[in-house]
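One structure is given here, and the rest of the page talks about it.
Atom set for the values below is all heavy atoms of this structure, side chains included, hydrogens, waters and symmetry mates excluded. Quantities reported herein were computed from a predicted structural model and do not represent experimental measurements.
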Amino acid sequence: GSAPPALKLVENPDILATTGHSAKRPALVIGFAAETSDLIQNAQTKLKKKGADLIVANDVSEFAMGGANNRVTLVSATGADQWPELSKDEVATRLVILILSLFIAAVVLFILLRLLPGDPANALLGVGATEAQITATRAQIGSDQPLIVQFAAFIANLARFDLGASFVSKAGVLEEIGNRMSVTAPLTILGFLLAIVTALPLGIVAAVKGHRWYGAAISIVSQLGIAIPVFWLGILIVTVFAINLRIFPSGGFPLKGWERFGEAATAMVLPTVTVALVIAASLIRYVRAATQDVLGSDYIRTARALGA
């Protein structure tokens with residue numbers, strides 16, 4: 001049959017007295033069942049907000065007994081999502097905290113931008129600009145206004161998702177970000193996919209065959225991958241495969257982007273491999289540790305003892 005629920009809400013003074021708990025507050029009793037271990041921290045947080053206490057018991061089966069005065073409510077061990085929804089006050093509080101956090105971040109960003117050395121007008125005009133040109137440019141970009149006026153305009157632009165224009169290309173910043181995302185997004189996705197495909201089998205082999213030379217080698221190489229700086233790894237890969245072997249281009253992306261799919265895909269190979277190797281080095285360690293934990297579980301040892 002199915003395992004008994006591991007979580008029980010108890011409001012019986014006699015039972016709670018055996019645990020040294022005051023009967024004035026409800027208590028959530030959690031047994032040492034394996035399926036509840038990941039719920040304990042979540043239960044503690046939610047119970048504190050509801051004015052209840054957490055009791056850990058060796059066996060919760062005794063709490064299922066009792067008469068009419070023993071009111072017991074069962075909570076499913078997998079029912080972490082069955083807690084009451086947030087009240088309107090809690091939602092409002094979190095919304096206020098979110099707005100304040102965004103406002104503070106905007107203030108810090110505005111101050112840091114103003115503390116940067118140099119004049120934006122000079123950066124826009126370059127060397128040799130006259131004082132009249134600099135003054136006109138300051139008026140155009142608003143840097144001659146008082147700081148409070150600049151901050152108000154800064155917040156208003158952020159609220160409209162208007163990030164202004166690039167000083168270099170004169171195009172909108174959002175447009176520039178979108179153009180870069182056409183390369184960054186595929187690079188990130190392909191790098192993660194390649195890292196997962198590589199790390200899962202290697203991490204399992206490193207855990208299962210850790211006593212063999214190749215299992216130990218995988219662990220050592222993954223540790224080296226974590227220690228090696230990503231920029232140095234990228235330089236090494238470019239040196240070997242682009243400069244020495246001349247298999248892939250050393251850098252750059254086609255000006256026409258993905259319209260020239262062959263050139264674009266070839267240009268993505270080395271960056272994707274570099275990103276994937278760095279991510280895979282960490283993932284291998286996680287997969288190896290998780291596999292070792294599972295292999296050391298009680299049910300695995302029992303299965304082996306039974307000849308599985």
Side-chain angles (χ1 to χ4, degrees), residues 94-192 229-239 242-243 248-272 274-275 278:
R94 297 191 180 190
L95 183 60
V96 170
I97 293 175
L98 174 61
I99 295 175
L100 287 177
S101 300
L102 293 177
F103 179 77
I104 293 173
V107 172
V108 172
L109 178 61
F110 178 81
I111 293 174
L112 291 178
L113 289 175
R114 295 307 180 273
L115 291 178
L116 290 176
D119 187 348
N122 285 330
L124 280 171
L125 297 174
V127 181
T130 63
E131 188 64 30
Q133 291 174 327
I134 294 176
T135 302
T137 303
R138 286 173 180 168
Q140 180 181 359
I141 63 178
S143 61
D144 61 337
Q145 300 290 329
L147 287 179
I148 187 65
V149 176
Q150 295 184 41
F151 180 71
F154 177 73
I155 294 296
N157 291 334
L158 285 181
R160 297 194 304 267
F161 295 98
D162 181 7
L163 302 183
S166 171
F167 287 171
V168 178
S169 64
K170 311 302 180 183
V173 173
L174 284 179
E175 180 183 351
E176 291 290 327
I177 293 175
N179 293 335
R180 270 55 175 187
M181 286 298 294
S182 64
V183 180
T184 303
L187 173 62
T188 304
I189 294 172
L190 291 175
F192 269 107
V230 61
F231 67 87
W232 187 86
L233 179 62
I235 293 174
L236 182 63
I237 291 176
V238 168
T239 302
I243 297 177
F248 300 102
S250 59
F253 197 76
L255 295 177
K256 293 186 177 181
W258 291 101
E259 294 180 6
R260 296 188 175 182
F261 183 79
E263 296 181 12
T266 303
M268 291 284 287
V269 172
L270 294 186
T272 300
T274 304
V275 171
V278 174

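Counting only distance, with no hydrogens or angles, the side chain of Gln150 and the backbone of Gln145 share a donor-acceptor pair below 3.5 Å.
The structure places CG of Leu233 at 5.5 Å from OG1 of Thr274, a figure rounded to the nearest 0.5 Å. Taken from CG in Leu102 to CD1 in Ile97, the straight-line distance is 12.0 Å, to the nearest 0.5 Å. Atom CE of Met181 sits about 10.5 Å away from atom CG of Leu187, to the nearest 0.5 Å. Within the model, atoms OG1 of Thr184 and CD1 of Ile189 stand 11.0 Å from one another, a figure rounded to the nearest 0.5 Å.
A side-chain contact (heavy atoms from CB on, under 4.5 Å) with Phe151 is found for exactly one of Val149, Ile155, Leu147, namely Ile155.
Considering only residues two or more places apart in sequence or on other chains, Phe231 meets the ring pair (Phe, Tyr, Trp, His ring centres under 6.0 Å) condition with none of them. Every residue two or more places apart in sequence or in another chain that forms a side-chain contact (heavy atoms from CB on, under 4.5 Å) with Leu116 is listed here: Leu113. Applying the ring pair (Phe, Tyr, Trp, His ring centres under 6.0 Å) test to Phe154 and every residue at least two apart in sequence or in another chain returns Phe110. For Arg114, there are no salt bridge (charged side-chain N to carboxylate O under 4.0 Å, His left out) partners two or more places apart in sequence or in a different chain. In terms of the side-chain hydrogen bond (donor to acceptor under 3.5 Å, both in side chains) criterion, residue partners of Glu176 (sequence neighbours excluded) are, by chain and number, Ser169, Arg180. Residues that satisfy the side-chain hydrogen bond (donor to acceptor under 3.5 Å, both in side chains) test with Asn157, not counting sequence neighbours, are Arg160. For Ser182, there are no side-chain contact (heavy atoms from CB on, under 4.5 Å) partners at least two apart in sequence or on another chain.
Contact between Gly191 and Thr272 at its shortest, heavy atoms only, is N-CG2, 3.8 Å. Between Ala242 and Ser250, the closest heavy-atom pair is CB-CA, 3.6 Å. Closest non-hydrogen pair, Trp258 versus Ala265, comes out as CZ3-N, 4.2 Å. Shortest non-hydrogen contact noted between Gly252 and Ala267 is O-CB, 3.5 Å. The minimum heavy-atom distance between Val173 and Leu163, with the atom names listed, is CG2-O, 3.4 Å.
Pairs of residues two or more places apart, or lying in two chains, never qualify as salt bridge (charged side-chain N to carboxylate O under 4.0 Å, His left out) while including a residue from residues 97-108. Applying the ring pair (Phe, Tyr, Trp, His ring centres under 6.0 Å) test to residues at least two apart or on different chains, none of the pairs has a partner in residues 173-192. Applying the side chain to side chain donor-acceptor pair (under 3.5 Å) test to every pair with at least one member in residues 260-270, sequence neighbours left out, gives no pairs at all. The salt bridge (charged side-chain N to carboxylate O under 4.0 Å, His left out) analysis of residues 143-158, with sequence neighbours excluded, yields no pairs.
When the shell of 6.0 Å around CG of Leu100 is examined, it contains more than 12 heavy atoms from other residues, nucleotides or ligands.
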Pairs under 3.5 angstrom only: tabulate donor-acceptor contacts from the side chains of residues 132-140 to other protein residues two or more places apart or in another chain.
unit_1: Gln133; atom_1: OE1; unit_2: Thr130; atom_2: N; d: 3.0
unit_1: Gln133; atom_1: OE1; unit_2: Thr130; atom_2: OG1; d: 3.4
unit_1: Thr135; atom_1: OG1; unit_2: Glu131; atom_2: O; d: 2.9
unit_1: Thr137; atom_1: OG1; unit_2: Gln133; atom_2: O; d: 2.8
unit_1: Arg138; atom_1: NE; unit_2: Asp119; atom_2: OD2; d: 2.7
unit_1: Arg138; atom_1: NH2; unit_2: Asp119; atom_2: OD2; d: 2.4

(request) Check the pair Glu175, Asn179 against side chain to side chain contact (heavy atoms under 4.5 Å, CB included), reporting the backbone distance first and the verdict last. (result) CA-CA 6 Å; Glu175 180 183 351; Asn179 293 335; 4.0 Å; yes

Thr188/Val275 under side chain to side chain contact (heavy atoms under 4.5 Å, CB included): CA gap, chis, key distance, verdict
CA-CA 8 Å; Thr188 304; Val275 171; over 6 Å; no

